[in-house]
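Data first, discussion second: the structure below is written as structure tokens.
Along the sequence shown, residues carry numbers from 1. Bear in mind the structure is a predicted one, so any value in this text is a computation, not a measurement.
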Amino acid sequence: MPVLLWSESDSGSHDDRVRTTRRYRFGEEEHRAIAEDLDREIDDMLDNALELVISVEAESQAELAFVRRWSLGRALSISHLLKSTNLEPGEQKFLWQALGAKCRLGIRNSGLTNSSWQELIPARESDPERIERDVFARGLWLQDQELKDAQFTFGSSLTNAREIHTRSALRSLKLRISLQGWLQNIDAQSRCRLLDFKEFPHLAKALAKRWPGRGPGAAKQPVHYPQDELDEEVQRVLEPIARSILTD
């Protein structure tokens, strides 16, 4: 999947170059036609992400950030860009870079700009390549749940979502469903405290201790459980942690 990587010159003009792992004889520009088609598809995907964001009324900046990340993932999922037969091994990193550059610059394939795209990704990037990968991958992961379910599970907090997503053994949708179900059985005031970004890491760490990513105990992961059994195990693991937090 050849992509266009956009950049901005010192003079403020926008330039692009083709990147691909495909073979070429005279340069990557041989694949420009395919890259241009993909670039227009990305435009449509980013427009769809913005439409999803606009359709939701967020009550805080933190919630808005969560909605943006989920919307970006859902639009990316719907676009099927990652399922394209043109996507060859090793090219996904180029796609992340292309998406990140398009958002940062707000540049459309036509040469026009859409500065609203800049709001879809974090403004500050100490390591753009890593953040781009994490932003789009985490957005795709979040959108496995419907927005309201994802918001409930993580308290509309990207910080809480990161606590689970960074632990690969805990990423399964089954675990999020169990976590959501457990939280639904807790009163609103207690749930709010447990979902505070200072307290939620204790829950994530307890789950990670029960299901480590490697080593002893890593053979059977949450994804391997029937949903009802997983629900019971999540409750067993989290109840003592919750009592400790709520009685502190």
Treating [X] as the side-chain partner and [Y] as the backbone partner, does any N or O pair qualify as donor plus acceptor under 3.5 Å?
X: Gln92; Y: Leu82; value: no
X: Thr247; Y: Arg243; value: yes
X: Asp43; Y: Asn109; value: yes
X: Gln118; Y: Cys103; value: no
X: Glu229; Y: Tyr225; value: no
X: Arg176; Y: Arg171; value: yes
X: Gln221; Y: Pro212; value: yes
X: Ser157; Y: Thr159; value: yes
X: Ser77; Y: Gly73; value: no

Would you say [X] and [Y] make side-chain contact, with heavy atoms under 4.5 Å?
X: Leu72; Y: Leu142; answer: no
X: Val234; Y: Trp211; answer: yes
X: Ile42; Y: Leu95; answer: yes
X: Leu203; Y: Trp182; answer: yes
X: His224; Y: Leu230; answer: no

Can you give the donor-acceptor pairs under 3.5 Å from side chains of residues 192-201 to other protein atoms, not counting sequence neighbours?
| unit_1 | atom_1 | unit_2 | atom_2 | d |
| --- | --- | --- | --- | --- |
| Arg193 | NH1 | Ile245 | O | 3.4 |
| Arg193 | NH2 | Ile245 | O | 3.1 |
| Asp196 | OD1 | Lys198 | N | 2.8 |

Inset, instruction - Report the C-alpha separation of Leu158 and Arg162 in whole Å, then their side-chain angles, then the decisive distance to 0.1 Å, and conclude whether the side chain to side chain contact (heavy atoms under 4.5 Å, CB included) test is met. - result: CA-CA 6 Å; Leu158 285 177; Arg162 184 177 65 242; 5.8 Å; no
Could you grab the distance from atom [atom1] of [X] to atom [atom2] of [Y], nearest 0.5 Å is fine?
X: Arg74; Y: Ser79; atom1: CZ; atom2: OG; value: 12.0 Å
X: Leu38; Y: Leu4; atom1: CG; atom2: CG; value: 7.5 Å
X: Thr113; Y: Arg108; atom1: OG1; atom2: CZ; value: 9.5 Å
X: Leu175; Y: Arg210; atom1: CG; atom2: CZ; value: 11.0 Å
X: Asp228; Y: Glu233; atom1: CG; atom2: CD; value: 12.0 Å
X: Ile241; Y: Ser244; atom1: CD1; atom2: OG; value: 6.5 Å

Inset, instruction - Please list, chain by chain and in numerical order, all residues satisfying salt bridge (charged side-chain N to carboxylate O under 4.0 Å, His left out) with Arg40, sequence neighbours excluded. - result: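 Arg40: salt bridge (charged side-chain N to carboxylate O under 4.0 Å, His left out) contacts with Asp37.
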Legend entry - All salt bridge (charged side-chain N to carboxylate O under 4.0 Å, His left out) counterparts of Asp44, not counting sequence neighbours: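 For Asp44 there are no salt bridge (charged side-chain N to carboxylate O under 4.0 Å, His left out) partners, ignoring immediate neighbours.
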Minimum-distance pair of heavy atoms, taken over all atoms of [X] and [Y]:
X: Arg167; Y: Ala204; value: NH1-CB, 3.8 Å
X: Ser156; Y: Glu63; value: OG-CG, 3.8 Å
X: Gly213; Y: Ala169; value: CA-CB, 3.8 Å
X: Ala137; Y: His165; value: O-NE2, 4.2 Å
X: Ala208; Y: Leu170; value: N-CD1, 3.8 Å
X: Gly181; Y: Asn185; value: O-ND2, 3.3 Å

Same cluster for [X] and [Y] if Ile/Leu/Val/Met/Phe/Trp/Tyr side chains link at under 4.5 Å?
X: Val56; Y: Phe66; value: yes
X: Ile121; Y: Leu105; value: no
X: Val18; Y: Ile34; value: no
X: Leu179; Y: Ile177; value: no
X: Met45; Y: Phe94; value: yes

Inset, instruction - Determine whether the side chains of Asp231 and Gln235 contain a donor N or O and an acceptor N or O closer than 3.5 Å. - result: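 Side-chain D/A pair, Asp231 to Gln235: absent.
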Legend entry - Thr153 and Gln145 side chains, donor-acceptor separation under 3.5 Å: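 Per modelled atom types, Gln145 and Thr153 side chains form a pair under 3.5 Å.
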Inset, instruction - Please indicate whether Gln61 has more than 12 foreign heavy atoms, meaning atoms of other residues, nucleotides or ligands, lying under 6.0 Å from its CD. - result: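 No, because the 6.0 Å sphere around CD of Gln61 holds 12 heavy atoms or fewer from other groups.
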Inset, instruction - Can you spot which of Trp70, Phe136, Phe154 makes a ring pair (Phe, Tyr, Trp, His ring centres under 6.0 Å) with Trp141? - result: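 That would be Phe154; it is the only one of Trp70, Phe136, Phe154 passing the ring pair (Phe, Tyr, Trp, His ring centres under 6.0 Å) with Trp141.
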Legend entry - side chain to side chain donor-acceptor pair (under 3.5 Å), paired with Trp6, selected from Asp16, Asp39, Asp15: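 Only one of Asp16, Asp39, Asp15 forms a side chain to side chain donor-acceptor pair (under 3.5 Å) with Trp6, namely Asp39.
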Inset, instruction - With side chain to side chain contact (heavy atoms under 4.5 Å, CB included) as the test, would you mind laying out the steps for Leu120 and Val135 before giving the verdict? - result: CA-CA 9 Å; Leu120 292 171; Val135 164; over 6 Å; no
Legend entry - Test side chain to side chain contact (heavy atoms under 4.5 Å, CB included) applied to Asp47 and Asn114, step by step: CA-CA 9 Å; Asp47 286 341; Asn114 186 340; 3.7 Å; yes
Inset, instruction - For Leu76 and Leu99, run side chain to side chain contact (heavy atoms under 4.5 Å, CB included): C-alpha distance rounded to whole Å, both residues' side-chain angles, the deciding distance at 0.1 Å, then the answer. - result: CA-CA 10 Å; Leu76 186 54; Leu99 288 168; 4.3 Å; yes
